Number of protein chains: 2
Amino acid sequence: MGASLRDVALRAGVSVKTVSNVVNGYEHVTPTTRSKVEAALKELNYRPNLSARNLRRGKSGIIALALPELDSPYFAELARSVIRAAEERGYTVLIDQTDGRLERERHVLAGIRPQLVDGLIVSPLSVGREELAARTDNTPMVLLGETVFEGPADHVAIDNVAAAGIATEHLVALGRRRIAAIGVQPPDGQGTARLRLQGYLDALSTAGLPVDEDLIQQGATFHRADGIQAVKDLLSLPEPPDAVFCFNDLLALGAIRGAYEIGARVPDDIAIVGIDDIEDGRFSTPTLTTISPDKEQIARLSLEFLQSRIDGDRDAPPREVQADFRLMERESTGGRTAE
Amino acid sequence: MGASLRDVALRAGVSVKTVSNVVNGYEHVTPTTRSKVEAALKELNYRPNLSARNLRRGKSGIIALALPELDSPYFAELARSVIRAAEERGYTVLIDQTDGRLERERHVLAGIRPQLVDGLIVSPLSVGREELAARTDNTPMVLLGETVFEGPADHVAIDNVAAAGIATEHLVALGRRRIAAIGVQPPDGQGTARLRLQGYLDALSTAGLPVDEDLIQQGATFHRADGIQAVKDLLSLPEPPDAVFCFNDLLALGAIRGAYEIGARVPDDIAIVGIDDIEDGRFSTPTLTTISPDKEQIARLSLEFLQSRIDGDRDAPPREVQADFRLMERESTGGRTAE
DNA sequence: CTGAAAGCGCTTACAG
DNA sequence: CTGAAAGCGCTTACAG
């Protein structure tokens with residue numbers, strides 16, 4: 001076992017309180033005492049016991065980040081930013097991978113590790129508004145993503161309807177007229193898909209383009225393989241699309257691959273745009289036009305909100321904030337090669 | 001504040017010990033007592049205080065995973081596996097991103113969060129063998145990667161010399177004769193790069209091929225942008241290579257992109273192989289031939305080792321284990337399209 | 001089967 | 001400036 005404050009105190013011939021003062025950088029300690037203590041600290045290789053400190057202080061300096069999967073590039077990049085932002089405030093981050101599964105998300109909300117984490121950042125996929133509101137654990141929480149709005153907690157997300165609208169408008173502006181959507185889900189599916197579909201439909205309507213049901217068939221997930229399949233289906237239609245708006249970058253990268261496999265040229269035969277701005281899309285062939293959400297801002301705001309709740313502001317009404325995003329024009333819609 | 005065991009005991013009219021027994025699923029509690037306690041637990045919405053429990057038990061159920069960066073696909077995929085493997089054993093995982101920077105790695109080794117984590121899995125890049133050996137914190141640790149061998153701790157990695165050899169041999173077997181390497185670093189650089197270079201040189205030697213210094217110029221990092229630049233430099237040589245072994249998949253994906261940008265065909269003009277088997281390479285155009293390390297096995301072994309140390313086996317000599325890997329033939333060396 | 005009590009290692013009023 | 005002591009919430013021998 002390691003040495004405790006008490007061991008150090010005994011060794012240095014002072015009280016535990018004095019050692020604690022030195023360890024915690026308390027100002028008013030005489031140089032003599034301080035150096036005695038420091039010597040003892042070093043000799044015994046003292047390490048504070050954080051569980052004891054946390055118990056006493058009533059907080060841990062740990063926050064949990066619950067997201068569907070760490071190996072999906074968008075979430076990996078977001079996690080990076082969250083961890084960095086947390087670090088700047090002295091927090092460390094525990095990761096929970098939910099796979100977007102209801103039971104796992106419930107588990108997170110029910111409070112795994114009660115009183116061990118000071119706060120929780122959750123990106124839910126399956127769990128609904130009601131359940132979120134009914135949660136009994138009262139660890140401060142920030143919600144990410146599009147499942148729940150005006151919810152029972154602070155919420156940070158981009159305006160997905162607007163983002164999808166801008167992506168679609170970009171295709172319209174290029175002169176494309178048969179614009180498909182990949183990533184549509186059943187009406188009871190993910191909120192993200194619903195909002196992005198909305199933005200797509202709005203943009204078509206604004207442009208005076210008809211909605212062709214053949215061009216908005218439903219898909220299963222947001223992964224590459226589905227993008228491949230979907231684009232192949234679309235391109236084998238009697239009247240194939242000349243552009244496709246993919247609800248995320250993985251689908252779009254799959255679509256690029258699918259088009260290649262059946263010999264369609266991107267963007268000549270079909271222009272492709274995604275959402276997320278994951279790194280892969282900056283190096284794919286062709287490079288991917290996409291909507292880039294400001295992930296660092298999302299991370300920063302999440303931590304700011306969490307911190308304010310942790311610091312006591314628990315009863316303020318939930319905040320609803322939209323993060324910035326912008327269109328990145330690249331080769332998949334005719335933009336030029338990255339420099 | 002939440003209710004404590006004491007509050008619950010008072011409410012249920014029993015002792016703290018009895019409540020603790022119920023909470024911890026202790027067998028021998030009379031049904032009457034149990035239900036009284038359970039009612040009180042529910043009424044007060046009791047949550048155990050994990051800091052207190054950890055303090056008392058002397059362990060936390062938390063392990064830390066320290067790696068260079070979470071948004072590099074290989075590490076993201078590895079992190080996913082580690083988190084899953086940890087979960088199966090009841091551990092949760094804290095992430096430290098070191099960026100491969102010496103000071104950050106030192107900080108990790110010095111024991112951030114002493115006695116809060118039961119164990120540490122570290123993938124070092126900068127820190128050397130001596131420092132690792134001289135560490136004073138005695139939290140059980142497992143080393144990943146190629147920086148340190150026969151080290152002061154259990155170590156899990158693939159046989160990089162062999163892996164690089166097989167990748168290179170594959171190119172030789174295709175009939176390529178001018179095989180370049182991308183990812184080479186200065187002699188004092190990363191261990192990974194050194195070992196992969198070794199495997200490459202061994203394979204050339206076995207095949208009776210000469211080593212051409214022009215084909216093994218040094219690069220800076222293991223990221224896509226460097227792959228682009230390197231392949232362009234190589235292809236503008238008076239005698240360009242007909243194949244290139246990249247020390248990781250990001251470099252290889254960059255190389256694919258770079259070849260495309262200057263109009264070289266892959267694999268016709270230049271065959272490309274990487275190491276890591278990140279998901280992008282299964283969907284890139286062309287898809288990427290690579291060496292696939294068994295990440296789940298690496299994660300599983302890491303946890304197994306860590307667990308045995310945590311469980312008390314601290315003085316056993318450090319274990320050195322090699323994880324499996326295999327060659328995945330894909331389009332970038334002429335393999336067929338993914339089904 | 002259940003209770004009273006000690007103690008994990010720390011921080012923090014309270015004295016002096 | 002420093003000490004003695006209480007207490008954070010839990011688990012665990014020790015009794016009975």
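Residue numbers begin at 1 in each chain, while the letters A, B, ... track the order of the sequences. These numbers were taken from a predicted model, which means no experiment stands behind them. The figures that follow rest on heavy atoms only: side chains count, while hydrogens, waters and symmetry mates do not.
- Atoms CG (B:L55) and P (D:dT12) sit 12 Å apart, rounded to a whole Å.
- As the counterpart of C:dA13, no nucleotide is assigned, since no Watson-Crick or G-U wobble pattern has both distances under 3.5 Å.
- At whole-Å resolution of the value, NZ in A:K59 and C1' in C:dC10 are 16 Å apart.
- Nearest nucleotide to the side chain of A:S15, out of C:dC10, D:dA4, C:dT2: D:dA4.
- Taking every side-chain heavy atom of B:R57 into account, D:dT11 is the closest of D:dT11, D:dC1, C:dT2.
- Look at A:K295 and A:D276 and you find no salt bridge, because none of the NZ, NE, NH1 or NH2 atoms lies under 4.0 Å from a carboxylate O.
- Rounding to whole angstrom units, CG of residue A:N21 and P of D:dG3 are separated by 10 Å.
- Between the CZ atom of B:R47 and the C1' atom of D:dC10 there is a distance of 17 Å, given to the nearest Å.
- One can place CG of B:L5 at 13 Å from C1' of D:dC8, the figure rounded to the nearest angstrom.
- Residue contacts for A:T33: at a heavy-atom cut-off of 4.0 Å it reaches the sugar-phosphate backbone alone, with no base atom in range.
- Listed nucleotides D:dT11, C:dC10, D:dG3 differ in distance to A:K17; the shortest reach to its side chain belongs to D:dG3.
- B:E131 places no side-chain N or O within donor-acceptor distance of the main-chain N or O of B:R106, the cut-off being under 3.5 Å.
- One finds a side-chain N or O of B:T18 lying less than 4.0 angstrom from the OP1 or OP2 phosphate oxygen of C:dG3.
- Remark: P of D:dC10 and CD of A:Q115 are 7 Å apart, rounded to the nearest angstrom.
- Among the protein residues, A:N24 comes within range of the sugar-phosphate backbone only, with heavy atoms under 4.0 Å from sugar or phosphate atoms but none that close to a base.
- Minimum atom distance to the side chain of A:N49 is reached by C:dG9, of the listed D:dG3, C:dG9, D:dT11.
- Atom CZ of B:R53 is separated from atom P of D:dT11 by 5 Å (rounded to the nearest Å).
- Between A:R6 and the phosphate of C:dG9, there is no side-chain N or O to OP1/OP2 separation shorter than 4.0 Å.
- Put simply, OH on B:Y26 is 8 Å from P on C:dC1, counting in whole angstrom units.
- The side chain of B:A52 lies closest to D:dG9, out of C:dC10, C:dT2, D:dG9.
- Across all strands shown, B:V16 has heavy atoms under 4.0 Å from base atoms, whether or not it also approaches the sugar-phosphate.
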Inset, instruction - Please step through salt bridge (charged side-chain N to carboxylate O under 4.0 Å, His left out) for the pair B:D118 and B:R57, ending with a clear verdict. - result: CA-CA 12 Å; B:D118 292 342; B:R57 290 190 177 161; over 6 Å; no
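- Looking only at atom types and distance, the side chain of B:R47 has a donor-acceptor partner in the side chain of A:T136 under 3.5 Å away.
- In the set D:dT11, D:dC10, D:dA13, D:dT11 carries the atom at the smallest distance from any side-chain atom of B:S20.
- Considering only the side chain of B:R56, D:dG9 comes nearest among D:dG9, D:dT2, C:dT2.
- Residues B:R53 and B:N24 are in side-chain contact: their nearest non-hydrogen atoms beyond the backbone lie under 4.5 Å apart.
- Base pairing of C:dA4: no nucleotide in any strand meets the Watson-Crick or G-U wobble criterion (both distances under 3.5 Å).
- Of all the heavy atoms in B:E279 and B:E77, the pair that sits closest is N-OE2, 2.9 Å.
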